[in-house]
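Computed from a predicted model, the values in this text were never measured in an experiment. Below, chains carry the letters A, B, ... as their sequence lines are ordered, and counting in each starts from 1.
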Protein chains: 2
Amino acid sequence: MPHDGAVDVPWLDRTQLAAWVRVAALLEVLPSTLDSQLRRDADVTLFEYFVLAMLSEAPGRGLRMSDLAAQTSATLPRLSHVVKRMESRGLVERRPDPDDRRATVAVLTDGGMARIEQAAPGHVRAVRAHVVDILTPEQLSQLTAIADALLRHLDTSGGMAAMYRRYDDDDAADDADDPSSGNDIRA
Amino acid sequence: MPHDGAVDVPWLDRTQLAAWVRVAALLEVLPSTLDSQLRRDADVTLFEYFVLAMLSEAPGRGLRMSDLAAQTSATLPRLSHVVKRMESRGLVERRPDPDDRRATVAVLTDGGMARIEQAAPGHVRAVRAHVVDILTPEQLSQLTAIADALLRHLDTSGGMAAMYRRYDDDDAADDADDPSSGNDIRA
DNA sequence: ACCCATAAGTTGTCTCTACAACCATCCATG
DNA sequence: CATGGATGGTTGTAGAGACAACTTATGGGT
């Protein structure tokens, strides 16, 4: 534990506990549900799907590893391993960045593009079936606000904020502490 | 699906996409955040914490594997592996169920009890810091309702439905949105 | 009493993730 | 124009999850 000793711990009350228990269960169940759907239908994991999705929308179908990591909420080591596997399956290519020889650019191949186009309908259907269509429009917008608040707080280091913020309706989002100036907000 | 027998391309509109992208990011970030906090502080994963929590509140500090699996939203194979590892670390014990010789009862050891008591304060602090205290009370109750709706749907449509069929002493097969459900984390 | 379908767990294997150590490059400064 | 610190990525390894195959036990039907 970080610090302090026998200080009174702020326990959760019933209401808070009810919320947390459900959220925790959801964190456990939802990813694996979507994961296995994608795996069966298109032989990609949910995370790989996001990698494909981000690349498919990037200019030139390519992104530097660190930008891609930020947009997919992943650590760089994890992304590196994943991209390597995806490369061996012909979904992406890695090439050195001419501008910065430390950097690597991951580029979507035609096969990768075909794969996400094949995977998308089923995935969207699953997201609808398990999430979007279950909630009322009002609940959906509540959920957006809630997730947004949580993410903003978790993102002390910033960076991945750009990923979801570009999917905003009209710009309802302006975060002053966004240091990701090197990122792309074009779209 | 809901209405409009459109089997074609049920794409998400901007609002829905905004919600889903945030939820997906949250699904990626929150578990690993809480996981690594628990690991550093008490050398248990989030999932193991839940196992300990469920057992610590069970009568006799023990539960059958399938009941434990249901309460932790896990599959039986996964739970079996986890419990085996936890047993090797002295946190739980496994003993055959005298009533049903197919069944195994996982029982919390004194060491396991000590471990969760050691882990709880830091974990609760983390849950507060990253989730509960970030949201308004109103948002928290909205979140409860939302998660509840999603879980109810996932449970009945998911593959683990079979595993929930068996509730012996506690027929809460349908505990709906009752916030005072018997599901407690140690808190 | 005997089958056979089903339930409860376990195990094996392969994939994926986390963490830390590591190498290479860039760049600001003297 | 060397050099120390930061930045961008990769890799090794060990731990954790997914899935399928398997074992043992239960229970209902005939």
Interatomic distance, A:Leu79 CG vs D:dT11 P [rounded to whole Å]: 13 Å
Interatomic distance where CG belongs to B:Asp67 and P belongs to C:dA7 [whole Å]: 15 Å
Nucleotide D:dG9, atom C1' - distance to CG of A:Leu68 in whole Å: 13 Å
Out of C:dT17, D:dT11, D:dT26, whichever nucleotide has its closest atom nearest the side chain of B:Arg101: D:dT26
Electrostatic pair A:Asp148:A:Arg152 at N-O distance under 4.0 angstrom: yes
Phosphate OP1/OP2 of C:dT10: any B:Thr104 side-chain N/O under 4.0 Å: yes
Side chains of A:Trp11 and A:Gln16 in contact at under 4.5 Å (non-hydrogen atoms): no
Rounded interatomic separation in angstrom, taking CZ from B:Arg64 and C1' from C:dT10: 15 Å
Residue-phosphate contact under 4.0 Å: B:Arg102 side-chain N/O, C:dG9 OP1/OP2: no
Path from A:Met54 to A:Val107 over hydrophobic side-chain contacts below 4.5 Å: no
Nucleotide nearest A:Asp100 when distance is taken to its side chain, options D:dG8, D:dT11, D:dG17: D:dG8
With sequence neighbours excluded, residues passing ring-ring contact (aromatic ring centres under 6.0 Å, His included) with A:Tyr49: A:His123
B:Phe47 side chain, from C-beta outward: closest of D:dG17, C:dC16, C:dT11: D:dG17
Nearest-nucleotide 5' precedence on DNA chain D, A:Glu28 against A:Arg78: A:Arg78
Positions of residues 83-94 of chain A (non-hydrogen atom under 4.0 Å from DNA chain C), listed by number: A:Arg85
Closest heavy-atom pair and its distance - A:Leu140, B:Ala19: CG-CB, 3.9 Å
Atom pair distance, as rounded to whole Å: CE in B:Met65 and C1' in C:dT11: 12 Å
From D:dT11, D:dG17, C:dC26, nucleotide with atom closest to A:Pro77 side chain: D:dT11
side-chain N/O B:Arg95 vs C:dG9 OP1/OP2, d < 4.0 Å: no
Atom pair distance, as rounded to whole Å: CZ in B:Phe50 and P in D:dA16: 17 Å
B:Asp41 side chain to B:Gln37 side chain, donor-acceptor N/O pair below 3.5 angstrom: yes
Short side-chain N/O contact from A:Ser66 to OP1 or OP2 of D:dG9, under 4.0 Å: yes
5'-most by nearest nucleotide on DNA chain C - A:Asp99 or A:Glu48: A:Glu48
Test: A:Arg89 and A:Glu87 ion pair at under 4.0 Å: no
Rounded interatomic separation in angstrom, taking CG from A:Leu76 and P from C:dA18: 13 Å
Residue pair B:Leu135 / A:Leu150, side-chain heavy-atom distance below 4.5 Å: yes
B:His81 aromatic ring stacked with six-membered ring of C:dT11, 5.5 Å and 30°: yes
Value in whole Å for how far the P atom of D:dT10 lies from CG of A:Asp97: 12 Å
